[in-house]
Amino acid sequence: MKGRAVVFGGSGFLGSHVADELAKRDYEVVIYDLRNYARLKNNQSMVIGDITDEAKVRDTVRDADIIYNFSAIADIEEAAVNPVETVKVNILGNTIILNAAREFNVKRFVFASSLYVYGRSGSFYRASKYASELLIESFHEAYDLNYTILRYGSLYGKYVDERNWIYKILKDALTEKKIVRYGDGEEIREYIHVEDAARYSVDILSDEYANECVVLTGHHPIKIKELLKMIKEIMNNEIEIEYLPSPKNFHYEITPYSFTPKMARKLTSNYYIDLGQGILDCLNYIHKKMEKA
């Protein structure tokens, strides 16, 4: 075994894929989450717990070499209407894990942040991620705790639910033969398949990414309207696309960048899942899931 990795939020969409990638690379993996992980591997174990439970966090971290923190209120709309809970989970919870990592001399603390830290969109979600980044840097300065901050773009892929926009619109396309987009479709995103994101999230354990911020996004920026056109063509032009006026929301349109926290390096690879192929794979996954329901 390469070492012991604890993945907080390891039952979730991104966390579960990273936990699986770590297991594939011969780490002993402990998944810490509020709910069981259904696809547990031989070299994975499960701890059911809340990240604000200091005693349980300390017991779990005690022999860890690597810590990942994916635990968070990650839905921007949910964070916008629940600021206290967002601060409690995203900031206090992260600080409790940080303090345990410092106490037990963890070799690397890896934090799942977001591109929203660069801008003014994202409401309390953005604020909580930015505050957590500052706390991580402060722990490094005060206690020499090594870290890597990962700023993720827009994720898509299998084993997700309708809180993920790509999943939702693909399901709507299959069930309703229609996709509704609030906005004009000119918004630009860099979608990254979750399997690519998971692979990069373990690649960063090399020494060159210690105490760095790393951006993980897709290779090709795409307008929402172009993405929807691609999906329509994949489905033989048999679906309708409707654009409606956008209500007030907390998402960015063209770019997240308006101010700059610590500069980040962008990690890319020539080996990645093509967006069209990834969308087709998601459609097949959702279709099979619907057939079993």
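All figures in this text were calculated on a predicted structure; none of them were measured in a lab. FYI, side chains are in, hydrogens and waters are out, and symmetry mates aren't considered; it's all heavy atoms of this structure.
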Using the rule given for side chain to side chain donor-acceptor pair (under 3.5 Å), can you reason through Gln44 versus Asp20, listing the C-alpha separation, both sets of side-chain angles and the distance that settles it, and then say yes or no?
CA-CA 8 Å; Gln44 294 176 332; Asp20 287 351; 3.1 Å; yes
Are there over 12 heavy-atom neighbours, none belonging to Lys88, within less than 6.0 Å of that residue's NZ?
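No, NZ of Lys88 has 12 or fewer neighbouring heavy atoms, counting only those of other groups under 6.0 Å.
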Got more than 12 heavy atoms from elsewhere within 6.0 Å of CD, Glu103?
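Result for CD/Glu103: enclosed.
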Have a look at Ile179 and tell me which of Leu227, Leu170, Ile231 forms a side-chain contact (heavy atoms from CB on, under 4.5 Å) with it.
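Of the listed options, the one satisfying the test is Ile231.
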Would you name the heavy atoms of Arg108 and Ser206 that are closest together and state the gap between them?
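Distance-wise, the nearest heavy atoms are NH2-O, 3.1 Å.
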Residue pair Ile279 / Tyr156: nearest heavy atoms and the distance that separates them
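Minimum heavy-atom separation between Ile279 and Tyr156: N-CE1, 4.0 Å.
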For the backbone of [Y] and the side chain of [X], can you confirm whether one donor and one acceptor N or O come within less than 3.5 Å of each other?
{"X": "Asn164", "Y": "Tyr167", "value": "yes"}
{"X": "Asn99", "Y": "Thr95", "value": "no"}
{"X": "His17", "Y": "Ala198", "value": "no"}
{"X": "Tyr68", "Y": "Ser201", "value": "yes"}
{"X": "Asn69", "Y": "Ile97", "value": "no"}
{"X": "Tyr37", "Y": "Gly12", "value": "no"}
{"X": "Arg151", "Y": "Lys266", "value": "no"}
{"X": "Arg102", "Y": "Asp144", "value": "no"}

Output field: ring centroids Tyr285/Tyr159 closer than 6.0 Å:
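Distance test on ring centres: under 6.0 Å, yes.
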Identify whether the distance between the nearest side-chain nitrogen and carboxylate oxygen of [X] and [Y] falls below 4.0 Å.
{"X": "Arg25", "Y": "Asp203", "value": "yes"}
{"X": "Glu186", "Y": "Lys223", "value": "yes"}
{"X": "Lys171", "Y": "Glu162", "value": "yes"}
{"X": "Asp65", "Y": "Lys107", "value": "yes"}
{"X": "Lys178", "Y": "Glu242", "value": "yes"}
{"X": "Asp196", "Y": "Arg199", "value": "yes"}
{"X": "Lys2", "Y": "Glu28", "value": "no"}
{"X": "Glu21", "Y": "Lys24", "value": "yes"}

ILVMFWY cluster, [X] and [Y] together (side-chain gap under 4.5 Å):
{"X": "Phe124", "Y": "Val89", "answer": "no"}
{"X": "Leu34", "Y": "Ile48", "answer": "no"}
{"X": "Phe104", "Y": "Val57", "answer": "yes"}

If I take atom [atom1] from residue [X] and atom [atom2] from residue [Y], how far apart are they, to the nearest 0.5 angstrom?
{"X": "Asn43", "Y": "Leu40", "atom1": "CG", "atom2": "CG", "result": "9.0 Å"}
{"X": "Ser11", "Y": "Asn36", "atom1": "OG", "atom2": "CG", "result": "6.5 Å"}
{"X": "Ile224", "Y": "Arg181", "atom1": "CD1", "atom2": "CZ", "result": "4.5 Å"}
{"X": "Asn94", "Y": "Ile51", "atom1": "CG", "atom2": "CD1", "result": "7.0 Å"}

Does the side chain of Tyr191 come under 3.5 Å of the side chain of Thr217 through a donor N or O and an acceptor N or O?
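No - no donor-acceptor pair under 3.5 Å links their side chains.
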Donor-acceptor pair between Thr148 and Glu212 side chains, under 3.5 angstrom:
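No - no donor-acceptor pair under 3.5 Å links their side chains.
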Side chain to side chain donor-acceptor pair (under 3.5 Å) between Tyr130 and Ser113, intermediate numbers included
CA-CA 8 Å; Tyr130 188 40; Ser113 189; over 6 Å; no
Heavy-atom side-chain proximity of [X] to [Y] below 4.5 angstrom:
{"X": "Val30", "Y": "Val7", "value": "no"}
{"X": "Asp53", "Y": "Tyr32", "value": "yes"}
{"X": "Ser71", "Y": "Asp33", "value": "no"}
{"X": "Val6", "Y": "Ile66", "value": "no"}
{"X": "Val214", "Y": "Ile149", "value": "no"}
{"X": "Phe13", "Y": "Leu155", "value": "yes"}
{"X": "Glu176", "Y": "Ile239", "value": "no"}
{"X": "Tyr125", "Y": "Glu78", "value": "no"}

Would you check, one step at a time, whether the test ring-ring contact (aromatic ring centres under 6.0 Å, His included) holds for Phe109 with Tyr147?
CA-CA 4 Å; Phe109 179 89; Tyr147 69 88; 8.5 Å; no
Test side-chain contact (heavy atoms from CB on, under 4.5 Å) on Ile67 and Phe8 and set out the steps.
CA-CA 8 Å; Ile67 289 177; Phe8 289 92; 3.9 Å; yes
Parallel under 30°, tilted from 30 to 60°, perpendicular over 60°: which one fits the rings of Phe139 and Tyr143?
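Aromatic pair Phe139/Tyr143 classed tilted.
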Starting from the C-alpha separation in whole Å, work towards a yes-or-no answer on ring-ring contact (aromatic ring centres under 6.0 Å, His included) for Tyr272 and His193.
CA-CA 8 Å; Tyr272 62 93; His193 196 281; over 10 Å; no
Take Leu205 and Leu22 through the test side-chain contact (heavy atoms from CB on, under 4.5 Å) and record every step on the way to the result.
CA-CA 11 Å; Leu205 293 178; Leu22 286 161; 4.2 Å; yes
Determine, stepwise, if the pair Lys225 / Tyr243 fulfils side-chain contact (heavy atoms from CB on, under 4.5 Å).
CA-CA 9 Å; Lys225 63 167 52 174; Tyr243 295 95; 3.3 Å; yes
Do Arg189 and Trp165 form a cation-pi contact, if we require the NZ or CZ to be under 6.0 Å from the six-membered ring centre and within 45 degrees of the ring's axis?
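Because its charged atom misses either the 6.0 Å distance or the 45° angle limit, Arg189 does not stack over Trp165.
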Do Arg39 and Ser16 pass the side-chain contact (heavy atoms from CB on, under 4.5 Å) test, and can you show the C-alpha distance, the side-chain angles, and the key distance before you say yes or no?
CA-CA 9 Å; Arg39 307 189 306 275; Ser16 65; 3.5 Å; yes
